[in-house]
Asker: 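Following this message is one structure expressed as structure tokens.
Please read all numbers here as calculations on a predicted model, not as lab measurements.
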Amino acid sequence: MATQFPDDFKCPISLEIMSDPVILSSGHTFDRSSIQRWLDSGNRTCPITKQPLPYHFSLIPNHALRSLISNFTLLQSSASAPKPPSQPPQTTHQTLIPTLTSPSSPPHLKLDSLIQLTRLSKRGGPLFRQRLMDSGAASAVLSCAAASPRLREAALALLLNLSLDDDSKVGLVAEGAISVLVDSLLCMDHCNCNSRAYAATVLTSLAMLDVNKGTIGAHPCAISVLVSLLSGGNERERREAATALFVLCSFDDNKKRAVECGAVGVLVELGGVGVERALGVLSLLGKCREGREEMGRNVGCVVGVLVGVLRGGKSARSVVYALSLLNSLCCGGGGGERFGVEVMRHGGLEICLALVEDENDKISRNASALVQSLRSCRLRG
């Protein structure tokens, strides 16, 4: 079906059909979730033209294109259906939701309803997901997420689909989704490893909307449970927890909260074994005074890990994160000189001089800035 859509309907970043097209200041249109991830990763250029973006800009909804995609989807669906479904989508979700809300519904019927709704929410796109939200699905699904392990996992999978649209992100938070997700992160169902990873992913999705970042961070356990998952979760859980923290910590107050919850030590350890997203979160924490002070309590270990990344980073993004953090540490007030001396002791200056010639513009630019900082430290020394 996807091959029948015009190319203009596809996001230039994800190459998937756009569910929420927005216009960047460069004039090009992208899916909101894809361009937001691009911007949250520290990029400040248009992905297509590579032109720098203004310091203050906004993503403008492309309502015309969104309407075209929705209408085209409906036409394609009706034209390609081999035979009419036994039950129209409106009847199906209107039948399934009461199954979730009824106290007399047995668990296996609720589980089946959740699985069917998840499947329909993928196929039906934004319009169908909006109908689900309008029909009161959120509270019903959230109540299932607080039930048995099997129902919890199925409910979280459906919540992830519902959270893809901005209006639904706001609605889910208003319905109390944050507390339910935190409770899911706190659960220790060893027979059900997917629930905590799903819950972290849903938090990430909700936090893609700026207004939700502060609300999630203000929950007394949200940041701390993500930090705990970083240190005690399996590989997938650690990856999802790091991604959630990366998105949340673009909000200044959440940086301080993460530091207070002990994130720095865990992230340094994960960064040392090559977890890229952990380095990304560290680079954000290095932009606040509390983060730099915490890293200053173990200068040798932090610098050793970061210079190790520069020396043999598994990805260009890891190297950019390490350079950005070292720049923040060496230029930050107070202990900047201590970090600079330690970087040079680990051979960081020579590595940076080589990285200045790197073909990756971000690596070259950040390496050049760090070289200047290190030379200033040497002169002061």
Side-chain angles (χ1 to χ4, degrees), residues 33 96-97 99-101 103 105-122 129 132-133 137-165 168-169 171-208 212 215-217 219-248 258 261 263 266 270 275 277-278 281:
S33 60
L96 294 171
I97 292 173
T99 303
L100 300 180
T101 57
S105 298
H108 74 276
L109 282 183
K110 289 189 175 184
L111 180 62
D112 183 64
S113 295
L114 288 168
I115 293 171
Q116 289 191 58
L117 285 169
T118 301
R119 200 175 294 130
L120 288 167
S121 66
K122 283 182 180 178
R129 292 194 291 270
L132 279 182
M133 291 295 294
S139 59
V141 178
L142 288 169
S143 66
C144 290
S148 66
R150 291 189 68 193
L151 281 177
R152 181 185 298 120
E153 181 178 353
L156 290 169
L158 177 52
L159 284 173
L160 180 57
N161 285 353
L162 293 177
S163 71
L164 295 175
D165 310 301
S168 297
K169 295 183 202 295
L172 287 170
V173 169
E175 290 280 355
I178 297 174
S179 292
V180 171
L181 294 170
V182 169
D183 288 343
S184 297
L185 288 167
L186 289 167
C187 77
M188 297 299 291
D189 298 324
H190 295 296
C191 59
N192 188 309
C193 296
N194 291 323
S195 289
R196 295 196 296 178
Y198 269 132
T201 307
V202 178
L203 274 181
T204 301
S205 180
L206 294 177
M208 296 300 289
N212 286 343
T215 307
I216 295 171
H219 187 285
C221 297
I223 300 288
S224 61
V225 75
L226 287 170
V227 173
S228 297
L229 199 59
L230 270 182
S231 59
N234 59 37
E235 182 179 356
R236 181 187 172 194
E237 290 170 347
R238 289 198 303 269
R239 183 177 67 248
E240 298 300 340
T243 302
L245 286 170
F246 182 79
V247 175
L248 286 167
C261 292
V266 180
L270 292 175
V275 179
R277 189 60 82 188
V281 181

Asker: Run the side chain to side chain contact (heavy atoms under 4.5 Å, CB included) test against P220 and tell me which residues pass, sequence neighbours left out.
Answerer: none
Asker: Would you kindly say whether E153 and S195 are connected by a side-chain donor-acceptor distance under 3.5 Å?
Answerer: no
Asker: CD/Q116 to CG/L158 distance, rounded to the nearest 0.5 angstrom?
Answerer: 12.0 Å
Asker: So, the side chain of E237 versus the backbone of N234: is there a donor-acceptor pair under 3.5 Å, distance only?
Answerer: yes
Asker: Using side-chain hydrogen bond (donor to acceptor under 3.5 Å, both in side chains) as the criterion, list what pairs up with T118, not counting sequence neighbours.
Answerer: none
Asker: Test R238 against L229 for side-chain contact (heavy atoms from CB on, under 4.5 Å), laying out the working first.
Answerer: CA-CA 6 Å; R238 289 198 303 269; L229 199 59; over 6 Å; no
Asker: Looking at residues at least two apart in the chain, or sitting in another chain, which of them share a side-chain hydrogen bond (donor to acceptor under 3.5 Å, both in side chains) with S163?
Answerer: S205
Asker: Looking at Y198, is R152 sitting on its ring face, NZ or CZ under 6.0 Å from the six-membered ring centre and within 45 degrees of the normal?
Answerer: no
Asker: Contact between D112 and T99 at the side-chain level, heavy atoms closer than 4.5 Å - yes or no?
Answerer: no
Asker: Can you list the residues that meet the side-chain hydrogen bond (donor to acceptor under 3.5 Å, both in side chains) rule with S121, with sequence neighbours excluded?
Answerer: N161
Asker: Could you pull out all donor-acceptor pairs under 3.5 Å where a side-chain atom in residues 173-183 meets a protein atom, sequence neighbours excluded?
Answerer:
from, atom 1, to, atom 2, distance (Å)
S179, OG, H219, NE2, 3.4

Asker: For R196 versus S184, what's the shortest heavy-atom pair and its separation?
Answerer: CG-O, 3.4 Å
Asker: Over all heavy atoms of both residues, which pair between S168 and M133 is shortest? Give the atoms and the distance, please.
Answerer: OG-CG, 3.3 Å
Asker: Checking R129 now: which residues fulfil salt bridge (charged side-chain N to carboxylate O under 4.0 Å, His left out) with it, not counting sequence neighbours?
Answerer: D165
Asker: Only one of L162, L206, V202 forms a side-chain contact (heavy atoms from CB on, under 4.5 Å) with K169, so which one is it?
Answerer: L206
Asker: For a quick test of reading the model, state the closest non-hydrogen atom pair linking V247 to A207 and the distance between them.
Answerer: CG1-O, 3.5 Å
